[in-house]
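Structure, as structure tokens:
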Amino acid sequence: MGFLEDMQETLDRGVSSARGAVSGVAVEQLGFVKAFARMCQEGWLQGWHEANGGNLSYRMTDTDVAASRAFFYDTPGSWVSMGAQIECLAGAHFLVTRAGGHFRTVQAEPGRGCGIVEVDAAGAAWRVVWGLKDGGLPTSELSSHLMAHAMRMAATDGAARVVYHAHMPNLAALTLVVPAESRTITRLLWKVTTECVMAVPTGVGVLDTLVPGSAELARATSDLMKEHAAVLWAQHGLVTTGATLDEAFGLAHSLEKAAGIYLAARAANGGAEPQGLLSDETLQAIIEGCHVPTTKA
Ligand code: 2HA
Ligand code: ZN
């Protein structure tokens with residue numbers, strides 16, 4: 001889209017050009033938006049976001065909201081019911097990826113590939129207030145994200161700000177050969193390297209196959225997030241959470257790497273369980289010796 005069409009779109013959404021001109025740094029240039037777009041790019045480069053696969057949301061700070069507000073649409077999108085009242089999200093603003101959008105293209109045009117949604121004062125509905133150009137909607141997994149945000153905020157005294165969903169090949173392959181069970185997969189990944197339990201001390205909750213975007217998937221994910229900062233969806237992908245974009249990405253990266261090492265070792269061993277997995281005793285020694293705050297061992 002050229003500059004003039006871009007301008008027309010902005011005017012159509014009701015942001016006055018005069019206000020935009022006097023209000024300082026455009027939303028696309030703000031640090032949290034640049035970091036969000038960079039993470040989308042990094043996930044794409046990892047090979048975790050084919051086509052429209054994956055989604056990302058970030059709960060904005062008051063400072064982020066104050067820096068962006070002058071650029072919000074004069075005519076925001078209509079309120080959309082969340083189907084539930086989530087009081088801790090009342091008045092929150094989230095930067096989220098676009099439904100059907102491709103991570104590959106977010107960095108090139110953040111105002112199209114992502115947008116800001118505002119939650120109403122009751123915590124019961126959301127609307128688009130910036131970005132998602134040309135009538136785009138937030139990710140199809142928005143209800144999973146919002147419920148996950150609420151659960152992890154409660155689990156972390158409000159520290160959690162990021163929910164990240166990606167389609168990574170090794171973790172998906174793992175769910176094709178190992179029972180989709182939280183304790184089994186957590187312990188297996190922790191036993192692959194001495195670092196995994198430190199990188200992912202809350203382990204990984206695992207859900208058997210559920211319909212993408214469904215209320216059931218959202219509910220089951222948030223239930224597991226009482227204990228786990230990461231939840232694996234069998235035959236689908238991973239959801240991680242964190243206080244920062246880096247933390248959520250690092251969790252995802254650590255789990256995917258451990259899954260890759262396990263699968264490579266198993267293939268090299270003729271398909272049988274590798275002999276060198278850490279023993280229960282060694283794993284326990286690492287947890288105690290490194291004071292790892294695991295939620296379960
Ligand atoms: O955004 O990844 O789970 C597409 C998906 C749905
Ligand atoms: Zn997905």
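One-based numbering, in listed order, for ligands and for the atoms of each.
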Go ahead and list the nitrogen or oxygen contacts between ligand 1 and the protein that come in under 3.5 Å, distances to 0.1 Å, or just say none.
residue: ligand 1; atom: 1 (O); partner: Asn52; partner atom: O; Å: 3.1
residue: ligand 1; atom: 1 (O); partner: Gly54; partner atom: O; Å: 3.2
residue: ligand 1; atom: 1 (O); partner: Asn55; partner atom: ND2; Å: 3.0
residue: ligand 1; atom: 2 (O); partner: Gly54; partner atom: N; Å: 2.9
residue: ligand 1; atom: 2 (O); partner: His165; partner atom: NE2; Å: 3.3
residue: ligand 1; atom: 2 (O); partner: His167; partner atom: NE2; Å: 2.9
residue: ligand 1; atom: 3 (O); partner: Glu141; partner atom: OE2; Å: 2.5
residue: ligand 1; atom: 3 (O); partner: His165; partner atom: NE2; Å: 3.3
residue: ligand 1; atom: 3 (O); partner: His236; partner atom: NE2; Å: 3.0

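Checked against Glu50 for a side chain to side chain donor-acceptor pair (under 3.5 Å), the options Arg104, His102, His167 give a single hit: His167. Under the side chain to side chain donor-acceptor pair (under 3.5 Å) rule, Asn55 has a single partner from His165, Arg98, His145, Glu141, which is His145.
Scanning all heavy atoms of the two residues, the minimum distance from Val231 to Thr221 falls at CG2-O, 4.0 Å. Counting all heavy atoms, side chain and backbone alike, Leu232 lies closest to Gly237 at CD1-O, 3.4 Å.
Inspection of the Thr209 and His236 side chains reveals no N or O donor paired with an N or O acceptor under 3.5 Å. Looking at Tyr262 and Asn170, their side chains never bring a donor and an acceptor atom within 3.5 Å of each other. For the residue pair Gln46 / Glu42, no side-chain donor-acceptor distance below 3.5 Å is found, with atom types taken as modelled.
Between Trp48 and His253, the ring planes are perpendicular. Angles over 60° get that label, and only those under 30° would be called parallel.
Residues Val206 and Trp233 do not share a hydrophobic cluster, defined by chaining ILVMFWY side chains whose heavy atoms lie under 4.5 Å apart.
Protein N/O/S atoms found under 2.8 Å from the Zn ion (ligand 2), listed by chain and residue number: His165 NE2, His167 NE2, His236 NE2.
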